**Q** 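Quick one: the structure is below, questions incoming.
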Amino acid sequence: MKYLFGNWKMYLTHQESVVLASHLSGRSFHEQSLCVAVFPMMLSFLEVDKQLHQSAIKRGVQNIAWTPQGAYTGAISAHMVKDVGASYALVGHSERRYIFGETNEDIRKKIDAALEAQLIPVVCIGETATDKAENKTEYRLKKQLMKALEGLSLQDNQLIIAYEPVWAISQGGSGKPCPPLVAEERHAWIKEEIKQYTKAAIPVLYGGSVNPGNMLSYMSCTDIDGVLVGSASTTVENMVAMIEAADKL
Ligand code: PGA
């Protein structure tokens, strides 16, 4: 199974999100070999879900709270999003870690909450430019993986890892993607690391400046199970091109 996930971040208005979803709703692809999901902003989730309900495209959210219910102003729980149709939740995206200050501990609580609500967490890990410059990439990834996975009892495909080097993520436009060969080596290393924690099959996706022009160079690598696309996933043209290309793999 290959994965093509589109994280719309905070790029689109409500109206734009709904229009994009409605244009995608008629797309068909081989669902046995390709899993496509979009992650709209929370305000648009219900309407996007409605547009895609009959389609093969699944829906996820960009963030969840770690507690199920109660006096938590501004928070939305894993149970709540599961209840309205979400299949996936991004957890620990680098923008949540580095802009909103989420720690490995917060992220672990969110992973536990997602699993408890039967939502598949897409756990994002990745080294920053500073980590890379200081040769701390493996240290960073080991730590993030350990905090995320230690002690979990997982079944196949119950959790997904997205390797997103922070330096490769675009800032609303063109970014500096990680060369596919480097990404592939890193994925192989991550898969070995994961084996310390679980025997379950855990898909590992690549994210960071993926677009229709470079997507296949990642997707066609054996150790890369798919891609998590940010800014390039916010137009119909790009999404359709990526779905069509991924479907031919
Ligand atoms: P990008 O974002 O494709 O815009 O670089 C990827 C991500 O942050 O998931």
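Remember, it's 1-based here, ligands and their atoms both numbered in the order they're listed. The structure presented is a predicted model; accordingly, all values stated were derived computationally and were not measured.
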**Q** Taking the side chain from Asp225 and the backbone from Leu205, do they hold a donor-acceptor pair closer than 3.5 Å?
**A**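 A pair under 3.5 Å: no.
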
**Q** Does an N or O anywhere in Tyr11 fall below 3.5 Å from an N or O of ligand 1?
**A**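 No: no nitrogen or oxygen of Tyr11 is under 3.5 Å from one in ligand 1.
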
**Q** Could you work out, for atom 1 (P) of ligand 1, the closest of Gly6, Ser170, Pro177 by heavy-atom distance?
**A**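 Looking at heavy atoms only, Ser170 sits closest to atom 1 (P) of ligand 1.
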
**Q** Between Glu127 and Lys136, does any NZ, NE, NH1 or NH2 come within less than 4.0 Å of an OD or OE carboxylate oxygen?
**A**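 Result for this pair is no, no salt bridge flagged.
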
**Q** We want to know whether His93 and Glu164 form a side-chain donor-acceptor pair, criterion being a heavy-atom distance below 3.5 angstrom.
**A**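 Per modelled atom types, His93 and Glu164 side chains form a pair under 3.5 Å.
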
**Q** So does Glu102 pair up with Arg97, basic N to acidic O under 4.0 Å?
**A**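 No, Glu102 and Arg97 are not salt-bridged.
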
**Q** Going by the atom numbers of ligand 1, which of them fall below 4.0 Å from some non-hydrogen atom of Ser231?
**A**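 Once the distances to Ser231 are compared, the set is 1 (P), 3 (O), 4 (O).
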
**Q** Distance under 4.0 Å to a non-hydrogen atom of Asn7: what atoms of ligand 1 satisfy this?
**A**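 Once the distances to Asn7 are compared, the set is 9 (O).
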
**Q** Run the numbers for me: atoms of ligand 1, each under 4.0 Å from some heavy atom of Glu164, listed by number.
**A**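 The list of qualifying atoms is 6 (C), 7 (C), 8 (O), 9 (O).
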
**Q** Between Glu138 and Arg186, is there a salt bridge with N-O shorter than 4.0 Å?
**A**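 Yes, Arg186 and Glu138 are salt-bridged.
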
**Q** Provide the number and element of each atom of ligand 1 under 4.0 Å from a heavy atom of His93.
**A**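 So the atoms of ligand 1 that pass are 7 (C), 8 (O), 9 (O).
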
**Q** Pairs of nitrogen or oxygen atoms closer than 3.5 Å, one from Gly208 and one from ligand 1: do any exist?
**A**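 No - when backbone and side-chain N and O of Gly208 are compared with those of ligand 1, no distance drops under 3.5 Å.
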
**Q** Going by the order shown, which atoms of ligand 1 are within less than 4.0 Å of some heavy atom of Lys9?
**A**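 Within the 4.0 Å cut-off of Lys9, ligand 1 contributes 2 (O), 6 (C), 7 (C), 8 (O).
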
**Q** Which donor-acceptor pairs under 3.5 Å do side chains of residues 57-65 form with protein atoms, sequence neighbours excluded?
**A**
from	atom 1	to	atom 2	distance (Å)
Arg59	NE	Asp49	OD1	2.7
Arg59	NH1	Leu52	O	3.3
Arg59	NH1	Ile57	O	2.6
Arg59	NH2	Asp49	OD1	3.1
Gln62	NE2	Lys9	O	2.9
Gln62	NE2	Phe39	O	3.0
Gln62	NE2	Pro40	O	3.4
Asn63	OD1	Lys110	NZ	2.8

**Q** Name the atoms and distances for all side-chain donor-acceptor pairs under 3.5 Å in residues 210-220, with sequence neighbours left out.
**A**
from	atom 1	to	atom 2	distance (Å)
Asn211	OD1	Gly213	N	2.8
Asn211	OD1	Asn214	N	3.0
Asn214	OD1	Asn211	N	2.8
Asn214	ND2	Ser209	O	3.0
Ser217	OG	Asn214	O	2.5
Tyr218	OH	Cys178	O	2.4
Ser220	OG	Leu216	O	2.5

**Q** Gly207 near ligand 1, heavy-atom distance under 4.0 Å?
**A**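 It does not; every heavy atom stays at 4.0 Å or beyond.
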
